[in-house]
Protein chains: 2
Amino acid sequence: MTEAERPGQGRRVLIVDDEPDLRELLSTSLSFAGFEVAVASNGNTALAQVADFAPDVVVLDVQMPDMDGFTVTRKVRARGHTMPIVFLTARDTTDDAVAGLTVGGDDYVTKPFSLAELVARIVAVLRRSDSTRVESPSLQVGDLVLDDDAHEVTRAGKTIDLSPTEFTLLRFLMENAGRVLSKSKILDHVWEYQWDGDGAIVETYMSYLRKKIDTPFDTPLLHTKRGVGYMVKDPS
Amino acid sequence: MTEAERPGQGRRVLIVDDEPDLRELLSTSLSFAGFEVAVASNGNTALAQVADFAPDVVVLDVQMPDMDGFTVTRKVRARGHTMPIVFLTARDTTDDAVAGLTVGGDDYVTKPFSLAELVARIVAVLRRSDSTRVESPSLQVGDLVLDDDAHEVTRAGKTIDLSPTEFTLLRFLMENAGRVLSKSKILDHVWEYQWDGDGAIVETYMSYLRKKIDTPFDTPLLHTKRGVGYMVKDPS
DNA sequence: GGCGATTCTCAGCAAACTCTCAGGATCAGG
DNA sequence: CCTGATCCTGAGAGTTTGCTGAGAATCGCC
């Protein structure tokens, strides 16, 4: 397996959340992304795990019954741990509350989020926190280039404007270039978890992407495998 | 027997289903595919078997009377087991019930399915869950190459477009290259189980395949053994 | 508040796909 | 060479799948 397919290869992540279902979802998908995973269901366990497991990054739900994310963060920092933290916040969390959280290399994601987006954020804070790990932040398929840091896509040198969803979808396809992805797999990764729509939305967005990425150029990069799914593929 | 002919060689699979007939069918055909097989008819037995038998992969029916597949999955994961799971779902299952099944290394197959398709999915999740097992994902017979990831077939470097059924049929033939397969055996593996049509459909699809794979080229790879069945064979 | 961008649903259309059938070709055995 | 069995293949009906434009609802930003 290549690096792009297992973006968390060799990295340790601690998941802190009181909801069993969400913990389970994150654990499964981050494991598969190549991370070594530990979980904690409350603040005290989290503090113990930070010391024992020595994670490279923490995913922390800020709304927990016994000890909120602010308190956990303060205690973690007070003990001298400096690893980045990705906070999970409710959509209605106020801006200044979030601003107070995300100092330094930290980041946050609002619930409900898409798995592809969360993994991308985790990988991003890891890259920023570790200057020794100079890893190309851009994906490339043929003459199509996606730069994650700049959040920019170009084809044949020409900048292409994408909406947030289009960008996440394209990144997921490019991370899996040369492999067919079913509509349900795309839904599960690119759309918010527990999304209850059907695959029609994926068809619509593939149509949007094609109009921007394939139609203005000679060689199509996006391919439909009827009855199976979609794929981006290097033409050579 | 070669690796390609026994795709499950040395791997352990646990089958969890409450329907005795389906359990029997799966047990038989996965054994034949080279898997070591254990079965369970309900959730509790399944949990015990996961611990005792230590399967590399689980095939799990999501609709069971005592404990549904999601509950079984949660309990399995809660105990720290990370092996991939292939879920069996009814075709009319609402989309939100299926949502989230394809995160991580898991996959799902809708009932009724074809055995060849199920085995292919099982092999695929196993390959992706185990990065140490660097195994070629493509089958090759002469200059004919079938790439399972890209769901793509080429002959002499030229891409050949196949429908889903044509693809499954060709893969089944190529997995058994050099061996004659009877029409009824092909029906049993490539078409949905309990298919009630006769072998005429196989003749039709062999004709489709020939038109795409043999007719445009010099050397025929698909051969008819009159009164016995069909075979694909390396010309050399 | 207003306006454009974005997200999502939906329905009509086009194309692909599956399967049946029947006439014709081919083969094996006598 | 005859004959029945087997297989091949083209035509076509019925179904499924995917594409796309239109429009409603929402979001974000001035």
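Just so you know, these numbers use all the heavy atoms, side chains as well, and skip hydrogens, waters and symmetry mates. The sequence lines fix the lettering, A, B, ..., with proteins before strands; numbering per chain opens at 1.
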Which of parallel (below 30°), tilted (30 to 60°) and perpendicular (above 60°) describes B/Trp191 and B/Tyr205? perpendicular
Go through C/dT7, C/dT18, C/dC27 for me and flag the one nearest to the B/Tyr205 side chain. C/dT18
Determine whether a donor-acceptor pair (N or O, by modelled atom type, separation under 3.5 Å) exists between the side chain of B/Arg210 and the backbone of B/Leu222. yes
Return the nearest nucleotide to the side chain of A/Ile201; candidates are C/dC8, D/dC19, D/dG10. C/dC8
Of the nucleotides C/dC27, D/dC19, D/dG21, which one has an atom closest to the side chain of A/Glu203? D/dC19
Please determine if a side-chain N or O atom of A/Ser163 lies less than 4.0 Å away from the OP1 or OP2 oxygen of C/dT6. no
Distance check: side-chain N/O of B/Lys211 vs OP1/OP2 of D/dG10, anything under 4.0 Å? yes
Does OP1 or OP2 of C/dT7 have a side-chain N or O of A/Trp191 closer than 4.0 Å? no
Nearest-Å distance for atom pair CG/C1', residues B/Leu162 and C/dA16: 13 Å
Starting from C1' on C/dC8, measure out to NZ on A/Lys183 and report it in whole angstrom. 16 Å
Side chain of B/Arg226: nearest nucleotide among D/dT6, C/dT18, D/dG18? D/dT6
Nearest non-hydrogen partners of A/Ala90 and A/Thr110, listed with the distance: O-CG2, 4.4 Å
Out of C/dT9, D/dG21, C/dT20, which nucleotide sits closest to the side chain of A/Trp195? C/dT9
Round to the nearest Å and state the distance from A/Lys212 atom NZ to D/dC19 atom C1'. 17 Å
What's the CG-P distance between A/Asp161 and C/dA5, to the nearest Å? 10 Å
Could you give the CG-to-C1' distance, from A/Leu187 to C/dT9, as a whole number of Å? 14 Å
Taken to the nearest whole Å, CG/A/Leu209 to P/C/dT6 is 13 Å
Determine whether any donor atom in the side chain of B/Tyr208 lies under 3.5 Å from an acceptor atom in the base of C/dC17, or the reverse, and answer yes or no. no
Is the base of D/dC7 touched by the side chain of B/Tyr230 through a donor-acceptor pair closer than 3.5 angstrom? no
Return yes if a side-chain donor-acceptor contact under 3.5 Å exists between B/Glu24 and B/Thr28, otherwise no. yes
With a cut-off of less than 4.0 Å, is there a side-chain N or O of B/Thr224 near OP1 or OP2 of D/dC8? yes
Under 4.0 angstrom, heavy atoms only, what part of the nucleic acid is A/Thr165 near: base, sugar-phosphate, or nothing? sugar-phosphate
Has B/Thr204 got a side-chain N or O lying under 4.0 Å from the OP1 or OP2 atom of D/dC8? no
Between A/Thr165 and A/Ser163, is any side-chain donor less than 3.5 angstrom from a side-chain acceptor? no
Is A/Lys225 close enough to D/dT17 that one of its side-chain N or O atoms is under 4.0 Å from OP1 or OP2 there? no
For atom CE of B/Met206 and atom C1' of D/dG10, their distance in whole Å: 18 Å
Distance in angstrom units between A/Asp214 CG and D/dC19 P, rounded: 12 Å
Any donor-acceptor N or O pair under 3.5 Å, side chains B/Arg77, A/Ser31: no
